[in-house]
Amino acid sequence: MSFWQKLFADQQLNVHKNQTACVENDCACKSNEQLIQALTQATDEDVILGIKKVLASRGYSRKELNELQHLPLQ
């Protein structure tokens, strides 16, 4: 892989990490119920990952989060 390819590949990875971090910051002040509702409605992978990270830090397991993500919309 050339230098330029490596540089741009890292840049794309950083963009995803930054988006996920922004979602985490936005979600930090929301209740678990609000986050679960947002998770069931989310379609963007960065948003889903950010919400899952916040809920995981609040004690939810990966299994629970995967189950919550696939709940039908209410």
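Keep in mind that what you see is a predicted model, and the values were worked out from it rather than measured.
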(request) Report the distance from atom CG of D46 to atom CD of E24, rounding to the nearest 0.5 Å. (result) 10.5 Å
(request) Would you give the length of the straight line joining atom CG of L39 to atom CG of L68, rounded to the nearest 0.5 angstrom? (result) 6.5 Å
(request) Look up atom CD in Q34 and atom SG in C29, then write down how far apart they are to the nearest 0.5 Å. (result) 8.0 Å
(message) Rounded to the nearest 0.5 Å, what separates atom SG in C27 from atom CD1 in I51?
(response) 4.5 Å
(request) Could you tell me the separation between the CG atom of N66 and the CD atom of E64, rounded to the nearest 0.5 Å? (result) 10.5 Å
(message) Would a single hydrophobic cluster contain both L65 and V54, if residues Ile, Leu, Val, Met, Phe, Trp and Tyr are joined by side-chain heavy-atom contacts under 4.5 Å?
(response) yes
(request) Give, for atom CD of E45 and atom CD1 of I48, the distance between the pair rounded to the nearest 0.5 Å. (result) 4.5 Å
(message) Minimum heavy-atom separation for V23 and G50, please, with both atom names.
(response) CG1-CA, 3.9 Å
